[in-house]
Amino acid sequence: MDTEKTNYFDLVYQVVREIPKGRVTSYGAIANYLGLKSGARMVGYAMNAAHSMPDVPAQRVVNRMGLLTGKHHFETPTRMQELLEAEGIQIVEDQVQNFEKVFWDPEKELSI
DNA sequence: ACCGTGACGAGAT
DNA sequence: CATCTCGCCACGG
C-alpha cells in the first residue's frame with residue numbers, strides 16, 4: 001500500500017462533489033482550476049477511476065462542448081443522461097441544452 | 001523498457 | 001467555417 005501517486009485524482013473528486021445539483025462543468029475547467037492546465041485528459045482519466053468513488057457525480061462532468069462523452073463508462077449508456085435529466089438538465093442527442101446556463105465554473109463560483 | 005490508447009482542449013491548416 | 005494534428009500525462013499490454 002502507500003504511494004498515493006494518484007493523489008490528484010482525489011482533488012478532481014473533491015471538485016466534482018462540489019458541483020451543485022442541476023449544473024455541469026467541463027474537464028478542462030476542473031483541470032484549469034486544479035492547475036493541471038492542459039491536463040483535461042488527466043481529469044477524464046481520473047473520472048475513470050471514479051467508479052470506485054462514492055458521491056462522485058460524474059454525470060455532471062461533460063466535455064467543453066456540453067457533450068456527454070463519457071456516457072459509455074456508466075452502467076448503461078443512457079444512465080448519464082437519465083441522471084442529468086432527473087436533476088432538471090435537458091439533453092438532446094447527448095448534448096446538454098442551455099449549456100451556458102447550467103455550466104458551473106469552479107474558478108468563478110467555487111471557493112474551497 | 002517501449003508503444004499505444006484515452007471521460008479533452010486549443011491551435012493550426 | 002470545418003477538419004486535422006499535436007500536446008498533456010498516466011497506465012495497460
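In what follows, every chain begins at residue 1, and chains take the letters A, B, ... in the order their sequences are listed. Any value given below was found using the heavy atoms of this structure, including those in side chains, with hydrogens, waters and symmetry copies removed.
Closest approach to the A/N63 side chain among B/dA7, B/dG9, C/dA10 is made by B/dG9 (side chain taken as heavy atoms from C-beta onward).
For the atom pair A/M53 CE and A/Q14 CD, the distance stands at 9.0 Å (nearest 0.5 Å). For the atom pair CE (A/M65) and CG (A/D94), the distance works out to 11.5 Å, reported to the nearest 0.5 Å. A/L67 CG to A/F99 CZ: the interatomic distance, rounded to the nearest 0.5 Å, is 9.5 Å. Interatomic distance, A/M80 CE to A/K71 NZ, rounded to the nearest 0.5 Å: 9.5 Å. Atoms CG and CD1, from A/L68 and A/I91 in turn, are 4.5 Å apart once rounded to the nearest 0.5 Å.
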Polar atoms only, N or O, under 3.5 Å: list the protein pairs with nucleotides 10-13 of chain B and their distances.
{"unit_1": "B/dA10", "atom_1": "OP2", "unit_2": "A/R64", "atom_2": "NE", "d": "3.3"}

Between protein and nucleotides 4-6 of chain B, what N or O pairs are separated by less than 3.5 Å?
{"unit_1": "B/dG6", "atom_1": "N7", "unit_2": "A/R41", "atom_2": "NH2", "d": "3.4"}

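Straight-line distance from the CG atom of A/N48 to the C1' atom of C/dC11: 10 Å, rounded to whole Å. The separation between A/Y27 atom OH and C/dG7 atom P is 23 Å, rounded to whole Å. A straight line from OH of A/Y8 to P of B/dA7 spans 13 Å, rounded to a whole angstrom. Going from atom CG of A/L34 over to atom P of B/dC8 covers 17 Å, rounded to whole Å. Atom P of nucleotide C/dG7 and atom CG of A/N32 are separated by 21 Å, given to the nearest angstrom. Spacing between atom CZ of A/F103 and atom C1' of B/dC8 amounts to 13 Å, rounded to whole angstrom units.
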message: What verdict does the side chain to side chain contact (heavy atoms under 4.5 Å, CB included) test give for A/F103 and A/R23, after you've listed the backbone C-alpha separation in whole Å, the side-chain angles of each residue and the deciding distance to 0.1 Å?
response: CA-CA 6 Å; A/F103 181 67; A/R23 288 275 167 64; over 6 Å; no
- prompt: Can you list the steps and then say if A/M47 with A/V16 is a side chain to side chain contact (heavy atoms under 4.5 Å, CB included)?
  reply: CA-CA 9 Å; A/M47 300 305 296; A/V16 175; 4.0 Å; yes
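For B/dG4 and C/dT5, the P atoms lie 16 Å apart once the distance is rounded to whole Å. If you take atom C1' in B/dA7 and the same atom in C/dT3, they sit 22 Å apart, rounded to whole Å.
Counting heavy atoms from C-beta outward, A/W104 and A/V24 have side chains that stay 4.5 Å or more apart.
A sub-4.0 Å separation between OP1 or OP2 of B/dC8 and a side-chain N or O of A/S26 is absent.
Looking at heavy-atom distances under 4.0 Å, A/A58 makes contact with a base. Using a 4.0 Å heavy-atom distance criterion, A/F9 is classed as making no nucleic acid contact.
Pairs passing the salt bridge (Lys or Arg N to Asp or Glu O under 4.0 Å) check and including a residue from residues 79-91 of chain A, sequence neighbours excluded, read A/R60-A/E87, A/E75-A/R79.
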